[in-house]
Amino acid sequence: MSKHKYNKYGPQVTISAKEGLTLEVLALAEKAGAKAGYSTAKEHLYRSIASGSLLNEQQTDELLAAAERAGAAAALAAARKVLDKTLRTSFRPGTYAPPPSSAAPAVPVAAQPSQETRPYSETYEEPLARYMPPISHAEAPRRKVDQHVLTVTRVQKLSEQMVRIIASAPNLDGYRSNGALDEYVKVYVADPALGLVPPYDTRQLRQRLSREQMPRSKSYTIRWVDPVADELAIDFVVHGEPGTVGHWAGTVEPGAALVISPARSKNSVRLDAGYHVLAADEAGIPAISKILEALPEQAQGIALLEVADEQAMFDVKHPQGIELRWLYRDGVPAGRSDVLAYAFQTVTVPNHGLSVVAHAERSTIKTINRICDYWNLNKHSSHISSYWTLREGRLMR
Ligand SMILES: Cc1cc2nc3c(=O)[nH]c(=O)nc-3n(C[C@H](O)[C@H](O)[C@H](O)COP(=O)(O)OP(=O)(O)OC[C@H]3O[C@@H](n4cnc5c(N)ncnc54)[C@H](O)[C@@H]3O)c2cc1C
């Protein structure tokens, strides 16, 4: 019997070619199922986001991970069924000699077969039954920890509410920019009292930490990446407690770790539109600033930027044809002001060639969405999404 090494789901075992094929088929089914589960869930989520997202970032991630696992498990179950049927019908009656003890699988086996030759009737289940424990791992596929750990080198105060954190690492600890204008990452922050060392293996930590103790991760726009200097920058709104990441950003000092996910992006922004309406509160200003810097010099439009007050303005480069209008909450807390939605409503827009990008608190984005519906805006050329949700005195998961 020809032997193959196989270690996909656990310790390496020596198996027959037929068993190897069985396991390969199962592995492929699992991978395809996970992909299908993930993309179906993602598609539905995008639709729900377009109509005003109901889930926060953490919940979205958990849902996608669950869909991925469910897809993998369903595909595995289906593949096992098909393989079981195929093996039952296509094996010729005969005998099965189990491998010699030196080649016995290193994985736990419920009841080791005797060394005697057994009748065919027992053999067709063998590849599936014997590797059941490692295959069942597929319901929670092992992954490498996908985080990059950098060191904060500088902290620049942009205003009372915003800081720019610049961090670096040799080769950016493997972080690769995706080049997208809306490139963003998850920033992970753990409770220092727990003494966790990054990168955080969240799957493992979940087994021993309570939900409240788990490192939190929130989305942040990558402001710029300098691969030559091995540096990147993120602009954080510092909004005090109880916000985890925002609070961390207000206290962080050079030497601290900045833990980020690989680069992500959602939409490609149209830079060639006839007229641009850009709108954001502080959380969306980094993303809008990147667009303003990338727009061609002849671009036309308006950028509405909501900040706390006049002192909170800072330098934002923009083409001459884009009017920059700062809006002040003047004492109204962030997330409670209607200054941005009101200004948005009063903008005069052309019938054609309009592009809208808006990122702000959820209720403001809902209003902006309604105004865009009234304008009959073509949403394909626009990017309107909620960046955070006001929750009184509560942390968001
Ligand atoms: C794609 C994307 C990119 C983003 N980019 C940036 C970015 O570059 N910079 C940035 O600062 N934010 C950005 N955000 C928003 C950021 O992810 C949220 O503000 C996040 O909730 C902050 O997490 P936290 O742990 O500080 O607070 P949470 O634990 O999430 O919230 C705690 C409380 O703080 C309050 N809060 C949360 N966010 C804000 C805020 N921005 N202003 C005032 N109060 C707030 C809420 O009332 C909340 O109940 C982005 C979001 C997305 C989806």
Side-chain angles (χ1 to χ4, degrees), residues 45-46 49 52-61 64 155-167 178 180-191 211-212 214-225 232-252 258-269 280-291 293 305-308 312 314 316 329 332-337 339-340 357-365 383-397:
L45 272 171
Y46 277 163
I49 286 165
S53 174
L54 298 176
L55 300 178
N56 65 34
E57 285 284 311
Q58 187 87 17
Q59 290 166 330
T60 304
D61 278 358
L64 289 176
V155 180
Q156 297 170 350
K157 194 167 171 176
L158 301 177
S159 72
E160 276 309 311
Q161 289 77 28
M162 290 200 79
V163 291
R164 173 163 300 167
I165 291 179
I166 297 153
N178 60 18
L181 214 44
D182 70 335
E183 173 174 350
Y184 73 99
V185 292
K186 290 283 186 180
V187 173
Y188 293 81
V189 172
D191 180 351
R211 194 170 149 81
E212 286 62 40
M214 285 294 291
R216 283 164 193 270
S217 66
K218 292 290 157 63
S219 300
Y220 283 86
T221 304
I222 292 290
R223 192 63 183 80
W224 52 256
V225 182
L232 58 76
I234 298 178
D235 294 351
F236 292 82
V237 178
V238 178
H239 53 87
E241 290 187 273
T244 312
V245 185
H247 179 66
W248 169 85
T251 58
V252 76
L258 174 74
V259 186
I260 57 173
S261 71
R264 303 175 176 200
S265 84
K266 283 185 178 151
N267 287 328
S268 51
V269 177
D281 62 13
E282 287 100 331
I285 289 179
I288 297 295
S289 301
K290 286 178 77 178
I291 297 173
E293 286 167 8
L305 306 179
E306 175 191 318
V307 288
F314 52 93
V316 176
R329 287 191 296 273
V332 179
R336 295 199 154 273
S337 166
V339 66
L340 183 59
V357 180
H359 304 303
E361 198 279 333
R362 186 165 168 243
S363 54
T364 303
I365 288 300
H383 188 187
I384 303 167
S385 66
S386 141
Y387 264 20
W388 63 283
T389 304
L390 175 72
R391 291 197 211 282
E392 294 300 326
R394 267 206 292 140
L395 289 176
M396 281 170 24
R397 273 280 156 198

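These numbers come from a predicted model, not from an experiment. Order of appearance sets the numbers: ligands from 1, and atoms from 1 within every ligand.
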J.: Please indicate whether any nitrogen or oxygen in K266 is less than 3.5 Å from any nitrogen or oxygen in ligand 1.
T.: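 Among all N and O atoms of K266, none is under 3.5 Å from an N or O of ligand 1.
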J.: Enumerate the atoms of ligand 1 whose separation from the nearest heavy atom of F236 is less than 4.0 angstrom.
T.: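 Checking each atom against F236, I get 11 (O).
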J.: Check this for me - ligand 1, V245, N or O atoms closer than 3.5 angstrom, yes or no?
T.: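 Yes, V245 has an N/O under 3.5 Å of an N/O on ligand 1.
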J.: More than 12 foreign heavy atoms under 6.0 Å from CD of Q156: is that the case here?
T.: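 Buried by this count: over 12 neighbours within 6.0 Å.
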J.: Using distance alone, determine whether P286 and ligand 1 share an N or O pair under 3.5 Å.
T.: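 No, since none of the N or O atoms of P286 sits under 3.5 Å from an N or O of ligand 1.
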J.: Should the ring pair Y387 and H359 be called parallel, tilted or perpendicular, given that the plane angle runs from 0 to 90° and is split at 30 and 60?
T.: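 Parallel: the ring planes of Y387 and H359 meet at under 30°.
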J.: Select one of side chain, backbone, both or neither to describe which atoms of T389 lie under 4.0 Å from any atom of ligand 1, heavy atoms only.
T.: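 The part of T389 near ligand 1 is the backbone, not the side chain.
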J.: May I ask you to identify, for H239, whether its side chain, its backbone, both or neither come under 4.0 Å of ligand 1 on a heavy-atom basis?
T.: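 The side chain, only.
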J.: So, regarding S386 and ligand 1 (criterion: nitrogen or oxygen to nitrogen or oxygen, under 3.5 Å), is there a contact or not?
T.: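 No, since none of the N or O atoms of S386 sits under 3.5 Å from an N or O of ligand 1.
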J.: Can you tell me how far CH2 of W248 sits from CG of D191, rounded to the nearest 0.5 angstrom?
T.: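 Rounded to the nearest 0.5 Å, the CG-CH2 separation comes to 14.5 Å.
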J.: Quick check for you: to the nearest 0.5 Å, what is the distance between W224 atom CH2 and D235 atom CG?
T.: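 Separation between the atoms: 10.0 Å.
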J.: Please report the interatomic distance NZ(K186) to NZ(K218), rounded to the nearest 0.5 Å.
T.: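 Going from the NZ atom of K186 to the NZ atom of K218 covers 8.0 Å.
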J.: Under 4.0 Å, heavy-atom basis, I'd like to know which part of V189 is in contact with ligand 1: side chain, backbone, both or neither.
T.: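 For V189, no heavy atom sits under 4.0 Å from ligand 1.
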J.: E183 and side-chain contact (heavy atoms from CB on, under 4.5 Å): which single residue from R223, K290, R264 fits?
T.: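 The option that passes is K290.
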J.: Just which atoms of ligand 1 are under 4.0 Å from any heavy atom in R391?
T.: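 Those of ligand 1 that fall under 4.0 Å from R391 are 46 (C), 47 (O), 48 (C), 49 (O).
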J.: Got D182 and V357 here, is their nearest side-chain heavy-atom distance under 4.5 Å?
T.: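 Not in contact.
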J.: Which ligand 1 atoms, with their elements, are less than 4.0 angstrom from a heavy-atom of G246?
T.: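 Counting from 1, the qualifying ligand atoms are 24 (P), 26 (O).
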J.: Do any N or O atoms from the side chain of D281 and from the backbone of E361 form a donor-acceptor pair under 3.5 angstrom?
T.: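 Judged by distance alone, yes, a pair lies under 3.5 Å.
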J.: Between T244 and R216, is any side-chain donor less than 3.5 angstrom from a side-chain acceptor?
T.: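 Side chains of T244 and R216: pair found under 3.5 Å.
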J.: Give the numbers and elements of all ligand 1 atoms closer than 4.0 Å to a heavy atom of L390.
T.: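 The atoms of ligand 1 under 4.0 Å from a heavy atom of L390 are 47 (O).
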J.: Do any nitrogen or oxygen atoms of R216 come within less than 3.5 Å of a nitrogen or oxygen of ligand 1?
T.: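 No: no nitrogen or oxygen of R216 is under 3.5 Å from one in ligand 1.
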J.: If you measure from each non-hydrogen atom of Y184 to ligand 1, which part falls under 4.0 Å: side chain, backbone, both or neither?
T.: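 Side chain only.
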